Every structure is written in structure tokens, then in C-alpha cells.
Peer 1: 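Below you will find the structure I want to go over with you.
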Amino acid sequence: MSKVRKLEDAVAAIPDGAVLMIGGFMGVGTPPRLIDELIRQNKRGLTVIANDTARPTVGIGKLVAGRHVARVIASHIGTNPETQRQMIAGETEVELVPQGTLAERVRAGGFGLGGILTPTGVGTVVADGKRTVELDGRTFLLETPLKADFALILAKRADYYGNLEYALTARNFNPLMAMAAETVIVEAEDIVPVGMIPPDHVVTPNVLVDVLVAKEARHG
Amino acid sequence: MSKVRKLEDAVAAIPDGAVLMIGGFMGVGTPPRLIDELIRQNKRGLTVIANDTARPTVGIGKLVAGRHVARVIASHIGTNPETQRQMIAGETEVELVPQGTLAERVRAGGFGLGGILTPTGVGTVVADGKRTVELDGRTFLLETPLKADFALILAKRADYYGNLEYALTARNFNPLMAMAAETVIVEAEDIVPVGMIPPDHVVTPNVLVDVLVAKEARHG
Amino acid sequence: MDEKTLIAKRVALELRDARLVNLGIGLPTLVARHLPAGTNVFFQSENGIIGMEPVPEEGLENADLSDAGGSPIGAVPGAASFDSAVSFGLIRGGHLDVTVLGGLQVDEEGRLANWMVPGRMVPGMGGAMDLVSGAKRVIVAMQHSAKGESKIVKRCTLPLTSVRRVDLVVTDLAVLEPTDAGLVLKETAPGVSVAQVLAATGCELIVPATVPAMPIDA
Amino acid sequence: MDEKTLIAKRVALELRDARLVNLGIGLPTLVARHLPAGTNVFFQSENGIIGMEPVPEEGLENADLSDAGGSPIGAVPGAASFDSAVSFGLIRGGHLDVTVLGGLQVDEEGRLANWMVPGRMVPGMGGAMDLVSGAKRVIVAMQHSAKGESKIVKRCTLPLTSVRRVDLVVTDLAVLEPTDAGLVLKETAPGVSVAQVLAATGCELIVPATVPAMPIDA
């Protein structure tokens with residue numbers, strides 16, 4: 001019944017070419033062991049949906065630098081020259097999405113919406129090829145849901161059932177992505193007995209979580 | 001600087017005919033003192049956006065029974081025969097909205113979305129007069145945002161700045177409505193010093209809250 | 001065993017592999033009392049909690065903990081509470097394995113009407129439209145007939161809850177499965193004949209060569 | 001005082017009545033150091049917190065507490081953290097009183113380009129498009145010119161961040177207010193003449209009869 005798996009087994013279930021949502025914002029809130037294990041198992045051709053690609057030596061940046069990624073959907077790649085280089089060279093496909101729109105598209109995928117209407121991006125290059133909708137004299141872009149095969153999530157605490165708590169700005173996209181993927185793999189700093197996280201403090205309910213991996217004790 | 005006001009003054013700011021969002025689900029999570037004070041000050045012609053109208057002697061049901069309400073937007077009036085009677089008699093206008101759609105419409109109002117697409121209600125009477133959008137061979141209803149002049153919110157704890165925590169199923173629509181109204185009036189069971197609610201436990205951030213009213217000690 | 005208990009027991013067998021289940025007010029609520037041993041589901045209440053259970057004893061009611069009808073409930077260890085958007089995100093986003101709902105009519109195409117009788121009963125749809133449109137599996141639990149009229153009809157005369165075809169209909173007489181070809185008679189209630197089911201049904205049924213009885217001990 | 005400090009001090013005066021403010025990475029971040037006495041704002045970091053402040057002293061960095069650039073921050077008592085959808089709900093839903101952003105170009109119509117130089121710099125828009133589209137008040141804080149070319153132009157040649165007109169532009173030479181009629185010269189920097197501003201500007205400015213100097217002590 002336990003959802004706790006060995007790191008190796010949890011990541012082995014992810015095939016080459018899989019679509020991954022990965023939590024984090026400039027590496028903060030990105031599950032480090034899961035990233036390192038994707039690299040160790042040398043996954044190829046991944047699609048990564050994430051806020052950014054951090055730096056070449058940090059978080060998702062390592063996946064890009066190691067050429068594990070074929071496609072990125074993100075709001076920002078400015079801190080990772082390697083992502084920019086691969087994009088300009090045509091080696092990696094990059095779709096840039098405004099951050100708030102990215103959050104809503106991931107949420108729409110998890111919440112069963114067919115899409116959302118937003119003023120963000122109207123009249124800019126972001127609108128290219130997208131449908132617009134006029135409502136009460138205003139123009140909105142129709143933005144469509146994003147879903148993934150796997151979500152890789154970093155939690156501060158998990159209980160054995162998989163109820164999750166996050167810490168401060170390491171929360172960011174994690175709870176949204178935990179709703180929007182077929183299989184949800186969580187790396188948790190602490191795994192505690194059921195009942196230790198009060199219902200009101202649970203941010204991601206256990207039924208969404210498929211696999212728990214413990215984060216090793218941190219050095220220092 | 002404090003947002004704490006006397007009950008009477010907090011409610012006096014609400015004019016006849018105002019559009020109110022009121023938290024709660026069958027009365028649980030509805031601010032009791034604010035409701036009673038609306039009645040005492042005999043507000044008239046209110047529009048109420050809420051999940052339901054509870055029972056004639058409970059929560060929002062009291063507003064309906066006392067003829068303070070001209071219009072209701074809700075998902076359910078089945079437990080309040082007086083709302084049904086007023087609706088059938090044409091005395092009160094009632095718009096029935098599927099519960100999940102109601103939650104998303106309130107959220108869209110607070111989150112600046114122009115609308116959302118949902119399969120809920122397609123091919124039913126809920127679709128009458130609404131725009132539909134075809135995407136990838138599926139049909140969705142375009143549902144539009146809801147906003148209000150005032151939100152009446154019940155919180156379990158507030159700090160002096162107005163950071164809010166909710167309790168169990170009394171949370172329901174409250175945090176969504178706190179985003180979607182011009183003025184947010186909160187009735188809190190406990191009002192505590194700043195710093196007593198940790199950032200990760202704040203559900204409604206203080207900048208959304210305009211007025212705090214203390215809930216009196218409960219009998220028993 | 002009364003008819004409602006029979007229906008509840010039969011529906012309970014469908015929850016064996018479910019993780020998250022929502023039970024409608026009324027008859028569906030009975031299902032929780034009849035789960036087979038080893039079933040390990042969480043019950044959602046759409047007002048905002050996963051892990052609801054009955055109040056364990058009188059006096060333990062809590063004013064902040066209720067079901068979708070406003071009645072006091074308890075919560076299992078490991079429960080989680082959340083706002084209405086998340087609650088319906090779970091339902092609409094395909095995270096709910098099974099919803100069990102009452103019905104007024106189900107038609108030949110497997111479409112449900114359960115929220116309104118024009119001019120007579122206007123309760124509002126509550127969460128029913130979201131549940132039927134969004135749950136992975138929709139089970140209707142209802143009496144086969146009401147006031148001498150079959151609730152299984154050729155075409156719903158009452159307003160639909162959703163155009164989505166439900167997955168299973170469990171009544172006091174039979175288990176019916178809607179398919180592209182029509183309603184298939186999967187099981188009969190203990191002691192009820194196929195002929196009795198057909199006589200009590202307002203539309204054609206597809207009757208396989210053998211129709212087993214519900215696997216319920218009477 | 002250097003040019004960046006001047007700009008930051010002038011922008012800070014605009015925050016007197018604000019409750020929630022978002023400062024972009026780079027020059028705008030400086031604004032927080034120059035708030036006038038009595039200003040009582042909360043700073044949002046769009047990665048998910050209201051109430052950010054600088055790390056109070058070295059050694060107090062926390063791995064779970066960072067700004068939108070990934071650098072460590074502190075948090076004031078009464079801070080609140082939340083997910084990215086809520087963070088941008090605050091921005092897009094009109095709850096953010098002021099956003100201060102850097103700029104590459106602002107044109108005569110008050111439209112901002114600040115996220116991309118095609119073929120050369122492709123950082124992505126991050127939160128900039130949401131901030132400009134959603135904040136109640138948008139202030140651009142930037143140098144008036146770069147590499148000898150004015151950043152105030154007749155029409156943006158770089159991709160727009162939003163078609164929404166910004167509310168105020170503060171540079172090292174001037175304060176400009178976009179209006180229906182065009183850019184109005186509201187103030188000049190201390191020691192800078194109107195003629196100097198006009199000469200350094202790539203489009204027409206509307207010049208009122210009197211143009212005060214920025215109310216900043218040099």
C-alpha cells in the first residue's frame with residue numbers, strides 16, 4: 001500500500017520521449033534527486049513543461065545541458081545560455097509562454113477546463129496563431145490546457161498516503177502540476193506518519209500522488 | 001492602520017442594491033454576524049452570489065426569508081422552499097449555475113480571466129443563451145467571470161494585517177470570493193497578532209482584505 | 001433486505017479498485033456502509049474534503065466539518081480539506097474515480113436526468129452536472145420505478161444532467177450497462193426474472209443469452 | 001548620486017499609497033531601498049510570496065525562500081506564500097497596485113517592449129506580459145538612452161510586451177506620462193534642461209508651460 005519507491009525504480013518508469021512537468025522556479029522547488037536520476041538513466045527526447053530552465057548547472061538546466069530534452073515549454077530561458085543556444089541552433093524546440101498564462105494552462109489541464117481567456121499577450125507575438133474571443137468589447141486570447149505524462153514534484157513534507165506540504169517559494173508550480181499529470185512522482189524532504197499533517201495544511205491531497213521518493217538528508 | 005471595525009460600521013458601508021458574494025455551503029462557512037447585521041440594518045434589493053441559500057432560518061436563507069434579496073446566483077436552492085417559492089412567484093430572480101462552474105466563474109473574476117471553457121452543462125438547459133466553442137472536436141461552454149461589490153467572508157483566524165486561515169469544510173467558496181470583490185469584509189473567529197500565522201498557512205493574503213470584524217465568543 | 005440496501009450493496013462492489021469516490025445525498029450515501037472487506041477508498045464531499053466518514057459518536061459533531069447537505073461528518077486520519085475550486089477541479093479534472101448519484105430518469109442512450117421537474121421541483125443542479133460530466137465512472141443508483149412508472153425510459157422527458165453517457169445503472173430489479181447499441185441487461189436482482197425486468201422497463205433492453213443474478217447474498 | 005539611484009528614488013515616491021508592489025529584476029529592485037518614510041507597502045515576488053525583503057544578514061539565506069531570479073530573500077512578519085496560479089491571479093486580477101519594470105523601448109503611445117531582441121536575446125517574457133497587462137499601475141524605470149540611441153521611440157521596433165499603455169516612465173533625464181495625445185514631459189532630472197530631454201528623445205514630447213524638476217535632493 002505504501003507509495004514509497006526506490007529512486008531508481010520511480011524514474012525507471014519514465015520512458016524516453018515522455019512529457020514531463022517539473023516544478024520549480026530557478027531551481028527552487030525542483031526535485032534534485034529526480035533530476036539527477038533522469039540524467040543517470042540517460043533519458044532522451046523529453047518534453048519539459050516548467051517555469052524556466054534555471055542555469056546550466058542547476059535543476060532543469062542540467063537536463064538541457066546534458067541534451068536529454070527535445071522540447072521545452074517555459075516562460076523564461078534567459079538565465080540559461082545553453083537553452084538559448086540550442087533554441088537558436090534549432091536543436092531544441094522552445095515554446096515561450098507568459099508565466100501567468102503558463103500557470104493557468106497547467107491548472108486548466110488539471111482542472112478539466114477546455115481553455116481560458118486572458119488579455120495577456122493580446123497584440124503581441126504570443127498571439128500568433130492563437131484564437132481570440134471578443135467579449136463585451138474586450139479581446140482575449142484563448143489559451144489551451146497543458147497536460148503531462150509525469151509530474152516531478154518537490155514537497156517539504158509528505159505523509160505515507162501522499163498528502164503534501166510545500167515550503168515558501170519552493171511551492172510555485174508544484175501543486176498545479178500535481179493535478180495535471182497522469183503519474184505524479186514526489187520527492188519529499190520529510191516523509192511522516194499519516195495524521196501528522198492536519199487536513200487544513202495539506203496543499204496536495206494524497207489521491208493525486210502515485211509515487212513517493214525520499215530526499216536524502218542534506219549535507220551541512 | 002488596523003482593519004478591525006465595529007460590526008455596525010462594517011455593514012453600514014454596504015448600500016441597498018449591492019452585489020454581494022457570501023461564503024458558505026449550507027450555512028457552514030457563512031459569516032453569521034454579518035448576515036444578522038445586514039438584516040438588522042434592513043438592506044434591500046441585494047444580489048447574492050453564493051453556493052446555496054441554505055435553509056430559511058440558516059445563513060443566507062435568513063436574507064431570503066426576510067426579503068432582502070432581489071437576485072440570487074447559486075447552484076442549489078433545494079433546501080430552502082422560500083427561495084423556490086419566491087423564484088416561482090417571480091419575486092426573486094434566481095440564476096442556477098453548476099457548482100463547479102460557479103466556483104470557476106468566481107475564480108475567473110478574481111484572477112482576471114475573461115472566461116473559461118467547460119464541458120459541464122453542454123447540451124442541457126444550462127447552455128441556453130451561452131456561447132459554445134469547439135476545440136479539437138469537443139464542445140465547451142464559454143462561462144464568464146463573476147465579480148461583486150462586497151465579499152462577506154468567514155475565517156477561522158485572521159492576523160491584524162488580514163492574513164486568513166479557514167477551517168475544514170468552512171473554507172469552501174470563501175478564499176475564491178476574497179479575490180473577486182471590490183471590498184472584502186471578513187468575520188474572523190480569532191484575530192491574532194501578526195506573525196502568528198506562518199506564511200505557508202495563510203490561505204488568503206492580507207492585501208485582499210479591507211475590513212475585519214471579530215466573531216463573538218460562541219455560546220456553549 | 002430492503003430494496004435500498006440491495007442497491008447499496010450492489011453498488012459497493014463497484015468500488016473495489018477505486019481510490020476517490022463521491023456519493024450523492026440520499027440513497028448513494030448508504031453505499032459507504034456496505035463496502036466489501038479490503039476496499040480502500042477515500043470519500044470526497046464536494047464542499048471541500050477528502051476522507052469524510054460518519055461522525056463516530058453523538059457529541060463529536062464539529063461546526064466546521066459537514067457534508068454537502070450541511071450535516072456533521074467525521075474525517076479519517078490523512079484527510080485533506082480545500083476550497084470549492086479545488087474540490088471541483090478534482091471532479092472535473094478526471095481525478096474522481098467513481099461518482100454514485102441518484103436518478104429521476106435514465107434513457108436508452110444512458111443519459112441521466114436527476115435535478116429538476118419543471119414547475120414542480122427546482123432544487124438546482126448543485127454539483128450533479130459537474131460530477132456526471134467529469135467523473136471517470138458514473139454509477140446511477142435508483143429505484144427501477146416510481147409511482148408505477150418506469151424510470152428507465154426511451155428518452156428523458158425531464159431536463160438532462162449531462163449529455164455524457166453514464167457507465168452503470170443499478171436498481172432494485174437489475175444492473176444495466178449503457179452501450180452504443182442500447183441498454184444491456186447485465187444482472188437481475190435475486191429472485192427477479194428477466195421478464196419482470198423487461199415488464200418494468202420503459203424502453204428496449206439488450207438481453208444476453210445468460211443474465212446472472214447480482215452476486216449479493218440475500 | 002548615480003543615474004540608477006536617481007531613477008529608483010523618483011520611482012519610490014510613486015509608492016506612497018500603494019499596498020502591493022512588484023519590482024522587476026535589476027534596476028527596479030533598487031526602488032525598495034529608497035522608500036520615503038511612512039510608506040507601508042508589501043512587496044510581491046511573483047514566484048510566490050507577499051512580504052519579501054532582503055536577507056537581513058549573511059548566513060540567514062534559506063534554500064526555500066528566493067526571489068524571481070532565484071536569489072535568497074527574507075520575509076517580513078505577516079508574509080504569505082502561495083502557488084504560481086495565485087501569484088499571477090493577484091497580478092492579473094487587478095490586485096497589484098504597482099509594478100515597476102525595466103524597459104528596452106517605450107513608444108509614443110506608451111507601449112513597452114522589454115523582453116526580446118530578435119536573433120540576439122531570447123530570455124522569454126517571464127511574468128512581464130502578465131504584469132503589464134494586469135497591474136493597476138505600470139511604471140517603467142530605465143535609462144533614457146542606451147549606446148547613444150534613445151529608448152523613447154516613435155514606434156517600438158522590438159516585440160511588444162503588451163498593447164496596454166503604461167502609466168509612467170521614469171528615466172535618468174525625465175518623467176514622462178503617456179496620454180491619449182502622446183507622451184507628456186512631467187518632470188526633468190535635477191540639472192537637466194527641457195532641451196536636453198528633447199534632444200535625447202526619439203519622438204515628439206508634449207511640453208507643458210512649466211516643467212518642474214524631480215522632487216529629489218541631489
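In the text below, chain A, chain B and the rest are named by the order of the sequence lines, each starting its count at 1. Heavy atoms only: backbone and side chains are in, while hydrogens, waters and symmetry mates are out. If you're wondering where the values come from, they're calculated on a predicted model, not measured in any experiment.
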Peer 1: Please check: side-chain N/O of C:Asn47 versus main-chain N/O of C:Asp67, any donor-acceptor pairing under 3.5 Å?
Peer 2: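 Yes; at least one donor-acceptor contact below 3.5 Å.
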Peer 1: Determine, step by step, whether B:Thr204 and B:Tyr166 satisfy the side chain to side chain donor-acceptor pair (under 3.5 Å) criterion, reporting the C-alpha distance in whole Å, the side-chain angles of both residues, the deciding distance to 0.1 Å, and the verdict.
Peer 2: CA-CA 9 Å; B:Thr204 296; B:Tyr166 304 93; 2.7 Å; yes
Peer 1: Less than 4.5 Å to any heavy atom of chain C: does that hold for the side chain of B:Val97, its backbone, both, or neither?
Peer 2: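 The backbone, not the side chain.
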Peer 1: Heavy-atom distance under 4.5 Å to chain B: side chain of C:Ile91, backbone, both or neither?
Peer 2: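 Interface part for C:Ile91: neither.
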Peer 1: Checking C:Ser162 against chain B: side chain, backbone, both or neither under 4.5 Å from a heavy atom?
Peer 2: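 C:Ser162 touches chain B through backbone heavy atoms alone.
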Peer 1: Evaluate the side-chain contact (heavy atoms from CB on, under 4.5 Å) criterion for residues B:Asn51 and B:Gln99: first the C-alpha distance (whole Å), next the side-chain angles of each, then the deciding distance (0.1 Å), finally the verdict.
Peer 2: CA-CA 7 Å; B:Asn51 180 65; B:Gln99 223 161 86; 2.9 Å; yes
Peer 1: Among C:Gly126, C:Gly134, C:Ser45, which residue forms the greatest number of heavy-atom pairs with chain B at distances under 4.5 Å?
Peer 2: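 Heavy-atom pair counts peak at C:Gly126.
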Peer 1: Would you mind checking which part of C:Ser71 comes under 4.5 Å of any heavy atom in chain B, side chain (CB onward), backbone (N, CA, C, O), both or neither?
Peer 2: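 For C:Ser71, there is no contact with chain B at all, as no heavy atom is under 4.5 Å.
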Peer 1: State whether the side chain of B:Glu37 and the backbone N or O of B:Leu7 hold a donor-acceptor pair below 3.5 Å, judged by distance alone.
Peer 2: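 Checked: no pair found.
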Peer 1: Just wondering, more than 12 heavy atoms not from C:Asp17 lying within 6.0 Å of its CG?
Peer 2: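 At most 12 heavy atoms, drawn from other residues, nucleotides or ligands, come within 6.0 Å of this atom.
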Peer 1: For chain B, which candidate among C:Ala113, C:Gly48, C:Ala85 shows the most heavy-atom pairs at distances under 4.5 Å?
Peer 2: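 Greatest number of close heavy-atom pairs with chain B: C:Ala85.
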Peer 1: Hey, which of C:Gly124, C:Pro159, C:Pro123 has the most heavy atom pairs under 4.5 Å with chain B?
Peer 2: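 Greatest number of close heavy-atom pairs with chain B: C:Pro123.
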Peer 1: With a 4.5 angstrom heavy-atom cut-off, is it the side chain or the backbone of C:Ala128 that approaches chain B, or both, or neither?
Peer 2: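 For C:Ala128, neither part sits under 4.5 Å from chain B.
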Peer 1: Assess whether a salt bridge exists between C:Asp172 and C:Arg10, defined as any Lys/Arg side-chain N lying under 4.0 Å from an Asp/Glu carboxylate O.
Peer 2: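 No, C:Asp172 and C:Arg10 are not salt-bridged.
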Peer 1: Any side-chain to backbone donor/acceptor pair from B:Asn174 onto B:Leu154? Under 3.5 Å, distance only.
Peer 2: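 Checking the backbone N and O of B:Leu154 against the side chain of B:Asn174, a donor-acceptor pair under 3.5 Å is found.
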Peer 1: With the threshold set at 4.0 Å, does a side-chain nitrogen-carboxylate oxygen contact exist between C:Glu204 and C:Lys154?
Peer 2: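 Answer for the salt bridge query: no.
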Peer 1: Give, as side chain, backbone, both or neither, the part of B:Thr101 having an atom under 4.5 angstrom from any heavy atom of chain C.
Peer 2: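 Its backbone and side chain both get close to chain C.
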Peer 1: Is B:Asp52 salt-bridged to B:Arg55, cutoff N-O under 4.0 Å?
Peer 2: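 So B:Asp52 does not pair with B:Arg55 through a salt bridge.
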Peer 1: Could you have a look at C:Ala68, C:Gly70, C:Ser87, C:Gly89 and say which one has the most heavy-atom pairs with chain B under 4.5 angstrom?
Peer 2: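 Of the candidates given, the most pairs with chain B belong to C:Ala68.
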Peer 1: Salt bridge between C:Asp107 and C:Arg155, side-chain N to carboxylate O under 4.0 Å?
Peer 2: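 Result for this pair is no, no salt bridge flagged.
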Peer 1: Look at C:Glu109 together with C:Arg165 and state whether they make a salt bridge at an N to O cut-off of under 4.0 Å.
Peer 2: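 Answer for the salt bridge query: no.
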Peer 1: Less than 4.5 Å to any heavy atom of chain C: does that hold for the side chain of B:Pro98, its backbone, both, or neither?
Peer 2: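 Contact with chain C: backbone and side chain both.
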Peer 1: Could you tell me whether B:Glu95 and B:Arg105 have a side-chain N and a carboxylate O separated by less than 4.0 Å?
Peer 2: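 Counted as a salt bridge, because a side-chain N and a carboxylate O are separated by less than 4.0 Å.
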Peer 1: Among the options B:Gly121, B:Ala103, B:Ala170, B:Gly100, pick out the one with the most heavy-atom pairs lying under 4.5 Å from chain C.
Peer 2: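 The answer is B:Gly100.
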Peer 1: Can we say C:Asp130 and C:Arg92 salt-bridge, meaning some charged N sits less than 4.0 Å from an Asp/Glu carboxylate O?
Peer 2: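 Yes, this pair counts.
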Peer 1: Taking 4.5 Å as the heavy-atom cut-off, does anything in residues 84-92 of chain B contact chain C, and if so which residues?
Peer 2: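 The list, in residue order, reads B:Gln84, B:Met87, B:Ile88.
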Peer 1: Can you tell which part of C:Ser84 gets under 4.5 Å to a heavy atom of chain B, answering side chain, backbone, both or neither?
Peer 2: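 Looking at C:Ser84, backbone and side chain both touch chain B.
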Peer 1: Flag the one option from B:Gly24, B:Ser75, B:Ala167 with the top tally of heavy-atom pairs under 4.5 Å to chain C.
Peer 2: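 Top option by heavy-atom pairs under 4.5 Å: B:Ser75.
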